[in-house]
Amino acid sequence: FHNYTHLKAFLSTAFVFLVFELCLVCCDITDGNAEHLKREHSLMKPYQGVGSSPTSQWDFSGSTLVTSSYVRLTPDERSKQGSIWNTVPCYLKDWEMHVQFKVHGSGKKNLHGDGIAIWYTKDRLHPGPVFSNNAVFHGLAVFIDTYSNDDATDRSFPYISAMVNNGSVSYDHGKDGRSSELGGCSAEIRNREHDTYLAIRYSKGRLTVMVDVEDKNEWKECIDIGGVRLPTGYFFGASAATGDLSDNHDIISMKLYQLMVEHTLEEENLDWTKIEPSVSLLKSPKDNIDDPTGNFRGTPLTGWKVFLLLLCALLGIVVCAVVGAVVFQKRQERNKRFY
């Protein structure tokens with residue numbers, strides 16, 4: 001009985017330790033607010049430091065209009081292009097960008113366009129055909145596409161997607177970038193009476209995109225991709241465009257948070273500015289063409305998901321051990337009474 005008491009104490013301690021470790025893992029999956037806001041990479045009211053002066057941290061081009069309440073990339077007029085870019089290169093290895101935006105206009109359903117793109121790229125202020133930016137780029141782009149250019153599509157728009165490029169692929173605007181996207185989701189972001197938000201997290205080789213468009217103050221996962229490699233020293237920016245159809249495309253804020261993540265010594269010694277943007281996929285992004293949801297179907301398990309699986313297995317072993325010990329103890333007591 002003495003040994004049985006020790007066994008129960010050991011198992012209880014092990015269980016508490018495992019629950020504690022689980023809490024630590026879950027706490028690491030934050031929305032960024034508990035981390036460190038980097039003001040030099042953030043765009044917030046009243047938008048001080050925006051302009052073309054040598055001390056400006058944000059520069060803009062095209063039809064962009066900066067007011068005291070919002071940065072309007074395009075007005076609700078045809079054939080407009082606008083962008084705003086951080087002038088300070090970002091050297092954070094792990095970060096999370098929160099974008100508060102608003103897309104609204106007088107156009108009825110399917111008679112509006114084209115959308116907003118959020119960029120983390122090597123070059124900035126390079127006008128082009130993709131939401132007023134270059135179709136070929138180095139880095140990451142997240143597209144909030146409000147108009148379908150592909151008549152054969154089975155997707156519901158507005159549609160949010162992500163693309164990582166090393167300068168070797170051109171975004172196919174006629175197909176809404178479907179052949180090069182990493183994943184995506186539909187989101188009703190247009191003409192909402194409440195605030196709409198987008199979060200882009202890059203940490204330890206994992207890219208996660210989340211949205212908050214239902215006014216519930218909670219994130220909904222849109223994209224979750226492992227095996228992503230992005231260098232440091234690139235620039236954050238936002239751009240938008242209108243064509244024959246139009247909308248107001250407003251940025252209310254862009255807030256960048258540093259995520260406090262430990263890296264191995266080998267990772268710390270890498271020259272992160274020399275990393276080539278890439279994604280190690282289990283299957284080609286073009287396979288998404290066969291997936292009407294647009295979700296990447298071959299994403300590997302993240303570290304914390306593997307931990308949860310191992311934890312569940314270990315807890316199962318603990319429960320079996322406790323039950324076995326109780327049954328063994330009862331049987332011993334029964335045998336003693338019998339003799």
Side-chain angles (χ1 to χ4, degrees), residues 30-77 80-92 95-106 115-121 123-127 131-133 141-144 146 189-201 209-219 234-242 246-259:
T30 67
D31 62 0
N33 288 323
E35 307 295 345
H36 301 287
L37 176 69
K38 309 302 288 186
R39 295 189 178 276
E40 65 271 26
H41 301 299
S42 297
L43 179 69
M44 298 177 291
K45 299 176 185 179
Y47 309 116
Q48 294 177 345
V50 176
S52 56
S53 69
T55 58
S56 297
Q57 294 179 334
W58 291 85
D59 199 2
F60 58 91
S61 67
S63 60
T64 302
L65 173 67
V66 181
T67 74
S68 59
S69 303
Y70 54 81
V71 175
R72 178 154 292 168
L73 300 175
T74 73
D76 190 1
E77 300 173 10
K80 297 294 183 180
Q81 294 189 344
S83 66
I84 188 163
W85 288 87
N86 192 198
T87 63
V88 183
C90 178
Y91 291 100
L92 302 178
W95 48 263
E96 183 166 311
M97 172 66 82
H98 290 189
V99 182
Q100 181 182 356
F101 66 97
K102 190 173 182 65
V103 178
H104 57 106
S106 58
I116 297 175
I118 308 299
W119 305 89
Y120 176 67
T121 56
D123 302 308
R124 62 186 190 89
L125 292 171
H126 278 224
F131 302 94
S132 87
N133 200 49
V142 175
F143 304 108
I144 307 171
T146 59
I189 52 92
R190 188 176 177 272
N191 279 346
R192 305 303 291 258
E193 295 181 357
H194 51 264
D195 294 336
T196 48
Y197 297 87
L198 176 79
I200 307 168
R201 164 182 282 233
V209 178
M210 297 166 285
V211 293
D212 179 7
V213 299
E214 301 296 339
D215 199 25
K216 295 180 179 179
N217 196 31
E218 61 183 30
W219 293 114
Y234 280 16
F235 297 92
F236 286 103
S239 67
T242 64
S246 62
D247 255 338
N248 296 302
H249 297 99
D250 300 342
I251 298 291
I252 314 302
S253 67
M254 296 176 66
K255 298 179 181 179
L256 186 74
Y257 297 91
Q258 180 180 9
L259 302 178

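Between Ser63 and Leu73, every side-chain heavy-atom pair lies at or beyond the 4.5 Å cut-off. Side-chain contact between Tyr47 and Val71 is present, with at least one heavy-atom pair separated by less than 4.5 Å. Side-chain contact between Ile252 and Leu43 is absent, with no heavy atoms from C-beta onward closer than 4.5 Å. Val99 has its side chain within reach of Ile251: a pair of non-hydrogen atoms, C-beta onward, lies under 4.5 Å apart. Using a 4.5 Å heavy-atom threshold, the side chains of Glu40 and Ser42 count as separate. Side-chain atoms of Met44 and Arg39, non-hydrogen and from C-beta on, do get closer than 4.5 Å to each other.
Nearest heavy atoms, Leu125 versus Phe60: CD2-C, 4.4 Å. Heavy atoms only, all atoms of each residue included: Asp250 and Arg72 are closest at OD1-NE, 2.7 Å. Here the shortest heavy-atom pairing between Thr242 and Pro75 reads CG2-O, 4.1 Å. Heavy-atom minimum distance, Ile116 versus Ile118: CG2-CD1, 4.0 Å. Here the shortest heavy-atom pairing between Arg190 and Asp247 reads NE-OD2, 2.6 Å. Among all heavy-atom pairs drawn from Ala241 and His249, the shortest one is O-CE1, 3.7 Å.
Under the 6.0 Å cut-off for aromatic ring centres, Phe236 and Trp95 qualify, their centroids lying closer than that.
Ser56 contributes no side-chain N or O that, together with a main-chain N or O of Asp59, makes up a donor-acceptor pair within less than 3.5 Å. The backbone N or O of Phe101 sits less than 3.5 Å from a side-chain atom of Thr196, completing a donor-acceptor pair. No donor-acceptor pair closer than 3.5 Å links the side chain of Ser132 to the backbone N or O of Pro127.
Atom CZ of Arg124 and atom CD1 of Ile84 lie 11.0 Å apart (nearest 0.5 Å). Taking CG from Asn86 and NZ from Lys38, the interatomic distance works out to 12.5 Å, rounded to the nearest 0.5 Å. Taken to the nearest 0.5 Å, the NE2 atom of His41 stands 9.0 Å off from the OH atom of Tyr91. A distance of 12.0 Å separates OH of Tyr257 from CZ of Arg201, quoted to the nearest 0.5 Å. Atoms OG and NZ, from Ser68 and Lys45 in turn, are 8.0 Å apart once rounded to the nearest 0.5 Å. Remark: Thr74 OG1 to Gln81 CD distance equals 10.0 Å, nearest 0.5 Å.
Side-chain polar atoms of His98 and Gln100 form no donor-acceptor pair below 3.5 angstrom. Donor-acceptor pairing under 3.5 Å is lacking for the side chains of Asp76 and His104. Inspection of the Ser61 and Ser83 side chains reveals an N or O donor paired with an N or O acceptor under 3.5 Å.
Taking the six-membered ring for Trp and thresholds of 30 and 60 degrees, Tyr120 and Tyr234 have ring planes inclined between 30 and 60 degrees apart.
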Next on the checklist: Using side chain to side chain contact (heavy atoms under 4.5 Å, CB included), reason through Leu198 and Met210 one step at a time and then give a plain yes or no.
Outcome noted: CA-CA 6 Å; Leu198 176 79; Met210 297 166 285; over 6 Å; no
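A salt bridge is absent between Asp195 and Lys102: the closest approach of a Lys/Arg side-chain nitrogen to an acidic carboxylate oxygen does not fall below 4.0 angstrom. The pair Glu96-Lys255 fails the salt-bridge criterion, with no side-chain N (NZ, NE, NH1 or NH2) lying under 4.0 Å from an Asp/Glu carboxylate O.
Scanning for ring-ring contact (aromatic ring centres under 6.0 Å, His included) contacts around Phe143 gives Trp119, Phe131, Tyr171, with sequence neighbours left out.
Other residues, nucleotides and ligands place more than 12 heavy atoms under 6.0 Å from the CZ atom of Arg192.
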